[in-house]
Structures are given as structure tokens and as C-alpha cells.
Asks: 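Have a look at this one before I ask anything.
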Amino acid sequence: MKRKVQIYNYSLITDAVRSMNSTVFFERLNTKLIAETESDANGFFQVTLQPGTYTMVVVEDGKLYANSGDGQGGINPFTVVTGIRNVDMRIDYKAVY
């Protein structure tokens, strides 16, 4: 599924403005936007990043979506060390299990 993907400096819940009564949607993150790209129809995207820890969100209906954390208050974090890094993100807010 084609989506806009945004990568921010590592962001905590305290860096975010939540969308009304939501635990997975945010109005904005008050951290630096590092990269923005669009995935293809299969969800694949590629960006070049320096080593570090980042937050990844997708843009859904004008809101920032992230459905995981690190238990330390970090929003959907991932770390780049060297080389190629695969990061999976499940977009399941409309799913019924």
C-alpha cells in the first residue's frame, strides 16, 4: 500500500501532540523531521540515514500514525548501525481480528 513515510529524530511520547483520544495517531511530533518519502504499492521505500536511532511514522488522513513503542516512551523507534536495515511497520488500525 502506497503511503507517505516520515522519519524523525528519536521521539518520545512527551515530544508528540496526540490526535484526539488516540493512542496511535498524532497531530505532530516536536522533533526534527529527517526524511520524507513515499512507499510503492507494496509498501517498499528506501532512505539513506546516518547511524542513530529514529522514529518512523506514516501519514494517514493528515495524521501521523505509529502503533509501537520501545517501553521507554519512544514512538515506533528503529536504529541504524551500518549497511542496509529492513524495518517493518504494521498498519492495522482498521483491522478486525
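Treat the numbers as computed from the prediction; the structure is a model and nothing was measured. Hydrogens, waters and symmetry mates are skipped; everything else that's a heavy atom, side chains included, is used.
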Asks: Starting from Phe45, can I reach Leu49 by hopping between I/L/V/M/F/W/Y residues whose side chains sit under 4.5 Å apart?
Replies: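 Result: yes, single cluster for both.
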Asks: Hydrophobic cluster membership, with links at side-chain heavy-atom distances under 4.5 Å among I/L/V/M/F/W/Y: are Val24 and Val58 in one?
Replies: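 Shared cluster, yes.
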Asks: Share the residues that join Phe44 in a hydrophobic cluster, the rule being Ile, Leu, Val, Met, Phe, Trp or Tyr side chains under 4.5 Å apart at the heavy-atom level.
Replies: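 Cluster partners of Phe44: none, it stands alone.
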Asks: Go through the structure and list residues passing side-chain contact (heavy atoms from CB on, under 4.5 Å) with Ser68, not counting sequence neighbours.
Replies: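 So Ser68 forms a side-chain contact (heavy atoms from CB on, under 4.5 Å) with Asn76.
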Asks: Are the side chains of Val59 and Leu64 in contact, using a 4.5 Å heavy-atom criterion?
Replies: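 Leu64 vs Val59: side chains touch.
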Asks: Under the rule for side-chain contact (heavy atoms from CB on, under 4.5 Å), what residues qualify as partners of Val81, not counting sequence neighbours?
Replies: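 Partners of Val81 under the side-chain contact (heavy atoms from CB on, under 4.5 Å) test: Thr79.
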Asks: Can you find a heavy atom in the side chain of Leu33 that is under 4.5 Å from one in the side chain of Tyr8?
Replies: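 Leu33 vs Tyr8: side chains touch.
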Asks: Tell me, which pairs form a salt bridge (Lys or Arg N to Asp or Glu O under 4.0 Å) where one or both residues lie in residues 37-53, sequence neighbours left out?
Replies: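 Non-adjacent pairs meeting salt bridge (Lys or Arg N to Asp or Glu O under 4.0 Å): Lys2-Glu38.
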Asks: Group every Ile, Leu, Val, Met, Phe, Trp and Tyr by side-chain heavy-atom contacts under 4.5 Å, then state whether Val5 and Tyr54 land in the same group.
Replies: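 Yes.
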Asks: With side chain to side chain donor-acceptor pair (under 3.5 Å) as the rule and sequence neighbours excluded, what pairs involving residues 9-20 come up?
Replies: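 Listed by first then second residue: Tyr10-Asp70, Ser11-Thr31, Ser19-Glu27.
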Asks: Taking the hydrophobic residues Ile, Leu, Val, Met, Phe, Trp and Tyr, and joining any pair whose side-chain heavy atoms are under 4.5 Å apart, which ones share a cluster with Val17?
Replies: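 Its cluster mates, by chain and number: none.
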Asks: If you compare all heavy atoms of Phe78 against all heavy atoms of Thr55, which two are closest, and at what distance to 0.1 Å?
Replies: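 Shortest heavy-atom contact: CE2-C, 4.3 Å.
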Asks: Would a single hydrophobic cluster contain both Met56 and Phe25, if residues Ile, Leu, Val, Met, Phe, Trp and Tyr are joined by side-chain heavy-atom contacts under 4.5 Å?
Replies: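 Same hydrophobic cluster.
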